[in-house]
**Q** 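Input: one structure, supplied below.
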Amino acid sequence: MLDDEYHALRTHAGVFVLDDRALVRASGADRVAFLQGMLTNDVTRLGPGDGCPALLLTIQGRVVSDLRVAATADALLLDVDRGARDAVIESLARLIIADDVELDVVDDVTLLGLAGPDTPRLAPGLDALPPFAHRETTIAGVALRLVHASAVGGEGAILHAPAARAGDVRDALAAAGAVFCGRAALEARRIERGIPRTGVDMGEKTLALEVPVEAAISTTKGCYLGQEVIARGTARGHVNRRLCGLVFAGGTPAADARLVHDGREVGQVTSVAYSPALAAPVGLGFVRREHWEPGTELAVVDVAGAAAGTARVAAWPLA
């Protein structure tokens, strides 16, 4: 089953429920100005139908959550990691002083994902949308919002479907040729494409510049939470560690395994999945700058200190 689902994501199309994501609605007359001062990307340039990736950071430049922002005529819709949803709302809410801004969890929408080269055939109007832009459309008679973005990299779409009809939309897409995909196949493609996940590969111990999220950070906008740290790191020209792709041999390590070179710890694994294309386990992990060049071989050691095979640093996409 894994091979069939994985193959669909690579060669035609897979459909899946994004149960690890949640939708927050920011409304009120000051929503754009307020979020412009909070998020890493430039939301003032977004008109209805536009969108962008972004991050919410702490003042120390560490990641609270990644976001996909979709602008409508009367709101900004924030697609956030479900595990970080409450932290996002709390972080933003405590900074609303006299601003006319309301933040509400959207409970009546289910987020579905499509991914694979056949996605445009299954998602009406996707071809006409720039990255992260969105439009209203209909699938199987169900009105929904179509966002040109991928949860696992490559061609894809995110669907904001009415929760009561999300199963009908998923079944219609499967009937049209998409394969319903589970977590194992999605994790393999996410890792192969180098897509970090909040709470797994990045979080409040992670500097934004340590992860591959460049598209989510504007280099021209004004002040926002954590900007000084981003600016200093950019001016310095490097960070001491960064998230890298890894291909493992000699076993499948745990996601908290350590990376070692000449007996010294130089990194840590954060995500692991099996890649059918490589017939090997692959992963994401932080590696110090002295050892992050593709092709570098590192030893893998489990939390008890026992040898657990090797890891080769590899460029994205891994497969």
Side-chain angles (χ1 to χ4, degrees), residues 20-26 28 30-44 46 51-70 76-99 101-105 132 151 190 194-244 255-256 267-271 284-289:
D20 59 338
R21 305 294 295 186
L23 203 61
V24 175
R25 186 175 189 270
D30 298 329
R31 65 189 182 278
V32 174
F34 174 73
L35 288 173
Q36 180 72 355
M38 300 294 114
L39 305 183
T40 57
N41 218 338
D42 187 353
V43 298
T44 62
L46 303 180
C52 70
L55 301 171
L56 176 63
L57 306 179
T58 67
I59 196 68
Q60 295 83 19
R62 300 182 186 276
V63 178
V64 178
S65 182
D66 65 303
L67 305 92
R68 286 184 283 262
V69 183
L76 291 174
L77 301 176
L78 310 178
D79 171 350
V80 305
D81 183 88
R82 182 172 292 277
R85 183 195 65 188
D86 292 347
V88 168
I89 293 174
E90 290 166 10
S91 296
L92 294 174
R94 66 170 171 259
L95 295 172
I96 299 173
I97 308 300
D99 307 280
V101 180
E102 293 185 11
L103 302 170
D104 301 292
V105 175
F132 294 95
R190 177 184 74 82
I195 309 296
R197 182 177 173 188
T198 297
V200 177
D201 309 295
M202 58 184 178
E204 294 198 20
K205 294 184 179 180
T206 312
L207 293 172
L209 292 177
E210 295 175 336
V211 287
V213 291
E214 295 84 0
I217 301 175
S218 170
T219 59
T220 58
K221 67 174 282 186
C223 295
Y224 58 84
L225 279 177
Q227 186 198 28
E228 290 185 7
V229 177
I230 298 294
R232 285 200 303 269
T234 301
R236 188 172 63 187
H238 72 269
V239 291
N240 292 324
R241 65 170 196 163
R242 73 181 181 198
L243 197 69
C244 295
D256 57 356
Q268 181 178 5
V269 178
T270 57
S271 286
L284 302 178
F286 287 100
V287 180
R288 288 194 57 84
R289 64 192 312 267

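For reference, positions follow the sequence shown, starting with 1. None of these values were measured; they are calculated from a predicted model.
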**Q** Identify the heavy atoms of Leu284 and Gly194 that sit nearest to each other, and give their distance.
**A**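 Where Leu284 meets Gly194 most closely, the heavy atoms are CD2-CA, 4.2 Å.
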
**Q** Using a strict 4.0 Å threshold on nitrogen-to-oxygen distance, state whether Arg62 and Glu204 make a salt bridge.
**A**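 Answer for the salt bridge query: no.
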
**Q** Is any NZ, NE, NH1 or NH2 atom of the basic residue among Arg68 and Asp79 found under 4.0 Å from an Asp or Glu carboxylate oxygen of the other?
**A**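 A salt bridge links Arg68 with Asp79.
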
**Q** Would you compute the distance between atom CG of Leu209 and atom CZ of Arg232 and round it to the nearest 0.5 angstrom?
**A**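 CZ of Arg232 is found 11.0 Å from CG of Leu209.
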
**Q** What's the spacing between Asp99 CG and Arg31 CZ if we round to 0.5 Å?
**A** 13.0 Å

**Q** Out of the candidates Val64, Leu92, Ile96, only one should pair with Met38 under the side chain to side chain contact (heavy atoms under 4.5 Å, CB included) rule; please name it.
**A**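 In the set Val64, Leu92, Ile96, the residue that makes a side chain to side chain contact (heavy atoms under 4.5 Å, CB included) with Met38 is Leu92.
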
**Q** For the residue pair Val43 and Gln36, what are the closest heavy atoms and their distance?
**A** N-OE1, 2.8 Å

**Q** Within the 4.5 Å heavy-atom criterion, are Val213 and Pro196 side-chain neighbours or not?
**A**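 Contact flag for Val213/Pro196 side chains = yes.
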
**Q** Side chains of Asp256 and Val269: does their closest heavy-atom pair fall under 4.5 Å?
**A**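 They are not in contact (no side-chain heavy atoms under 4.5 Å apart), so the answer is no.
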
**Q** Tell me the closest heavy-atom pair linking Arg236 and Val239, and the distance in Å.
**A** NH2-CA, 4.1 Å

**Q** Return yes when atom CD of Glu228 has more than 12 non-hydrogen atoms of other residues, nucleotides or ligands closer than 6.0 Å, and no otherwise.
**A** no

**Q** Kindly indicate whether the side chain of Leu57, heavy atoms from C-beta on, has any atom under 4.5 Å from the side chain of Ile230.
**A** yes

**Q** Ignoring hydrogens and geometry beyond distance, is a side-chain donor-acceptor pair present between Asp201 and Ser271 at under 3.5 Å?
**A** yes

**Q** Could you state the interatomic distance from CG (Asp20) to CG (Asp81), rounded to the nearest 0.5 Å?
**A**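 The distance works out to 6.0 Å.
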
**Q** Evaluate the side-chain proximity of Thr270 to Phe286: yes if any heavy-atom separation is below 4.5 Å, no if none is.
**A** yes

**Q** With a 4.5 Å heavy-atom cut-off, do Asn41 and Ile217 have their side chains touching?
**A**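 Asn41 vs Ile217: side chains apart.
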
**Q** For residues Glu214 and Val211, report the shortest heavy-atom separation together with the two atoms involved.
**A** OE2-O, 4.4 Å

**Q** Over all heavy atoms of both residues, which pair between Leu77 and Arg25 is shortest? Give the atoms and the distance, please.
**A**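 Distance-wise, the nearest heavy atoms are CD2-CG, 3.9 Å.
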
**Q** Judged by atom type as modelled, is there a donor-acceptor pair below 3.5 Å linking the side chain of Lys221 to the main-chain atoms of Thr44?
**A**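 Absent.
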
**Q** So do the side chains of Phe34 and Leu95 get within less than 4.5 Å of each other, counting heavy atoms only?
**A** yes

**Q** Locate the shortest heavy-atom distance separating Arg241 from Lys205; write the atom from each residue and the value.
**A** NH2-O, 3.5 Å

**Q** With side-chain contact (heavy atoms from CB on, under 4.5 Å) as the test, would you mind laying out the steps for Glu210 and Val63 before giving the verdict?
**A** CA-CA 10 Å; Glu210 295 175 336; Val63 178; over 6 Å; no

**Q** When you compare the side chain of Val24 with that of Val88, does any pair of heavy atoms fall below 4.5 Å?
**A** no

**Q** So how far is it from Gln227 CD to Ile59 CD1, rounded to the nearest 0.5 Å?
**A**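 Atom-to-atom, Gln227:CD and Ile59:CD1 are 10.0 Å apart.
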
**Q** Quick check for you: to the nearest 0.5 Å, what is the distance between Leu67 atom CG and Leu23 atom CG?
**A** 10.5 Å

**Q** Begin with the C-alpha distance, continue with both residues' side-chain angles, and end with the deciding distance and a verdict on side-chain contact (heavy atoms from CB on, under 4.5 Å) for Leu46 and Cys52.
**A** CA-CA 8 Å; Leu46 303 180; Cys52 70; 3.9 Å; yes

**Q** Among Arg197, Arg21, Arg82, Arg85, which one satisfies salt bridge (Lys or Arg N to Asp or Glu O under 4.0 Å) with Asp66?
**A** Arg21

